[in-house]
**Q** 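This is the structure I have questions about; it appears just below.
This is a predicted model, so every value here is computed, not measured. Just so you know, ligand 1 is whichever comes first in the structure, and atom 1 is the first atom listed for that ligand.
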Amino acid sequence: MVEEPGPVQAPRGTKDVLWPESWRWEQVVARFASLAERFGFGLVLNPMFEDVRVFRRGIGDDSDVVGKEMYELTDRGGRQLALRPEGTASVVRAFVQHRPTTPWRAWYVTPAFRYERAAAGRYRQHHQVGVEALGTDDPDLDVEVVSLAVAVVADLGLEQVELAVNSMGCSECRPAYVVLLLAHLRARSDDLCDEHRVRYQVNPLRVLDCKTAACRDGTADAPRLVDHLDAACAAHFARVLEGLGSLGIPYRLEPRLVRGFDYYTRTTFELAATALEAAQNAVGGGGRYNGLVEQLGGPPTPGIGFGMGIERLLLACDAEGVLPAEPPAPDVFVVDLTGGAEARDLVAELRRAGLVAERAYDGRSMKAQLKLADRSGAPIAVLIGAQELRAGQVTLRQMGDPHGGQAQVARAQVVPELVCRSHHRQAAHGVPPVTRSEERP
Ligand code: HAM
């Protein structure tokens, strides 16, 4: 390959997230964590890469995610590895390896790698927040998991999000349905997209998930899996729908929602942000996978979970005009006209006392420092000039308010004074002040 001159760019389909956009990421993760923990989930951390068999066995070789999109590599020791294309199979691998007591509820935040055609909202490295709950097939847990996903989008302020649900049945009832579906597809195979015209037999359910107009038309009147569930799956699904109704969660029954992984059984669901382009409007999706633990070598253990794309959630927030980047301003900006040593020491004291303190560097002029103080959004600037230094004082200047005025405060009193002002400001904004053990009076 010929080396192109110039600086190296981030790989195609990836992006750097810089401040203040990254503040919104922090918000999504923090809000997700808080809600997931309220629902009884604890954080799990897994490696970014796994033995490739985790995904081959877990997700299925003929899925797009494994067959076409997985980043595979051989390490220097000859091990066949893959960068995780999603979270579920790794979390289940960890469950099988460590056998925590059930029910086990884990939440995660992770990058996921898929060699997809990069587009707006479709990345080769995207990021998911998600949960997995293992150890019970109780349909009330399905309702809880779906309601957590719905609570997450509501908490971000999103209103234009639709929930679609379906049941995939189980290994008992699905084969008979697949026979019916195959017969339908065989009769319509000429109408299907190029790929499925020849490959519909490999995994006929996948055709239902195909987004091409040809396959959508060709399957519009296909038999529906929900009409062919066995009694146990039908009862399970009825209880899930009843629970969603009881919790006041609106949903649409979507009989073609089969999702792109082989592990799903029974409940599947997806959240679509209608303010986004249809091709990339899924902000989250998930479902049950009652056979996955066994498939990865563990004892029969049912499970359910979902993943949500952080980038997609933020795109949906942009489209609805919610969650604008509002990184908090510092509490105070220190302007030092005596060489910088005073600012160095004072910001350290202020930070020890729990305040967010900023300063300027490189011995800038007063004008330049005040400009930075203004731009920082700090409500107060501490000015330290030669005269103040000699008198053992500082000047506190109210920023952003031409009538705010300024006051002289003894240097020894400036930290408690600013802590006190910060508490008053937070109380006025309804934020409880953080009391830190090291905070001095
Ligand atoms: P998934 O639907 O493949 O499910 O991904 C979950 C979410 O990740 C999607 O709804 C979407 O928001 C986001 N996402 C997926 N691919 C991309 C991409 N290329 N670029 C940007 N965002 C993307 C799973 O991964 C399952 N593990 C979910 C699950 C958990 N099922 C059970 N438990």
**Q** Identify the closest protein heavy atom to atom 28 (C) of ligand 1: which residue and atom is it, and at what distance?
**A** Gly285 O, 3.3 Å
**Q** Check for a donor-acceptor pair, side chain of Asn166 on one end and backbone N or O of Leu257 on the other, with a separation under 3.5 Å.
**A** yes
**Q** Say whether Gly284, considering both its backbone and side-chain N or O atoms, lies within less than 3.5 Å of an N or O atom on ligand 1.
**A** yes
**Q** Counting heavy atoms only, which of Tyr289, Phe306, Tyr108, Tyr263 is nearest atom 26 (C) of ligand 1?
**A** Tyr263
**Q** Should the pair Phe261 and Tyr263 be assigned to parallel (<30°), tilted (30 to 60°) or perpendicular (>60°) ring geometry?
**A** parallel
**Q** Which is closest to atom 12 (O) of ligand 1 in terms of heavy atoms, Gly305, Gly287, Ala282, Ala120?
**A** Ala282
**Q** Run the numbers for me: atoms of ligand 1, each under 4.0 Å from some heavy atom of Gly307, listed by number.
**A** 6 (C), 7 (C), 28 (C), 29 (C), 30 (C)
**Q** Between the side chain of Thr102 and the main-chain N/O of Trp104, is any donor-acceptor distance below 3.5 Å?
**A** no
**Q** Can you report which non-hydrogen protein atom sits closest to atom 13 (C) of ligand 1, along with the distance?
**A** Gly309 CA, 3.6 Å
**Q** Do the ring planes of Phe113 and Tyr71 sit parallel (below 30°), tilted (30 to 60°) or perpendicular (above 60°)?
**A** perpendicular
**Q** Students should be able to answer this: which protein heavy-atom is nearest to atom 2 (O) of ligand 1, and at what distance?
**A** Arg259 NH2, 2.9 Å
**Q** Relative to ligand 1, is Arg122 under 4.0 angstrom through side chain, backbone, both or neither, heavy atoms considered?
**A** both
**Q** Taking NZ, NE, NH1 and NH2 as the nitrogens, is one of them in Arg216 or Asp191 under 4.0 Å from a carboxylate oxygen of the other?
**A** no
**Q** State, to 0.1 Å, how close Arg188 and Asp221 come at their nearest heavy-atom pair, and which atoms those are.
**A** NH1-OD1, 3.2 Å
**Q** Would Val131 count as being in polar contact with ligand 1, using the rule that some N or O on each side must be under 3.5 angstrom apart?
**A** no
**Q** Indicate yes or no: does Arg197 engage Asp190 in a salt bridge with an N to O separation below 4.0 Å.
**A** no
**Q** Tell me the protein heavy atom at minimum distance from atom 30 (C) of ligand 1, and give that distance in Å.
**A** Thr88 OG1, 2.9 Å
**Q** Any ion pair linking Asp331 and Arg425 (charged N to carboxylate O, less than 4.0 Å)?
**A** yes
**Q** At what distance is the nearest protein heavy atom to atom 18 (C) of ligand 1, and which residue and atom is it?
**A** His126 ND1, 3.4 Å
**Q** Tell me whether ligand 1 is touched by Glu311 - counting only heavy atoms on the residue side and a distance under 4.0 Å.
**A** no
**Q** Of the listed options (Glu86, Gln128, Arg312, Glu270), which comes nearest to atom 5 (O) of ligand 1 when hydrogens are ignored and any heavy atom counts?
**A** Gln128
**Q** Around atom 33 (N) of ligand 1, find the nearest protein heavy atom and jot down its residue, atom name and distance.
**A** Glu132 OE1, 2.9 Å
**Q** Can you say whether the rings of Phe306 and Phe32 are parallel (under 30°), tilted (30 to 60°) or perpendicular (over 60°)?
**A** perpendicular
**Q** Can you report which non-hydrogen protein atom sits closest to atom 31 (N) of ligand 1, along with the distance?
**A** Tyr264 OH, 2.6 Å
**Q** Of the protein's non-hydrogen atoms, which lies at the shortest distance from atom 20 (N) of ligand 1, and what is that distance?
**A** Tyr123 N, 3.0 Å
**Q** Before accepting this row, confirm whether a basic side-chain N of the pair Lys68/Glu195 lies closer than 4.0 Å to the acidic partner's carboxylate O.
**A** yes
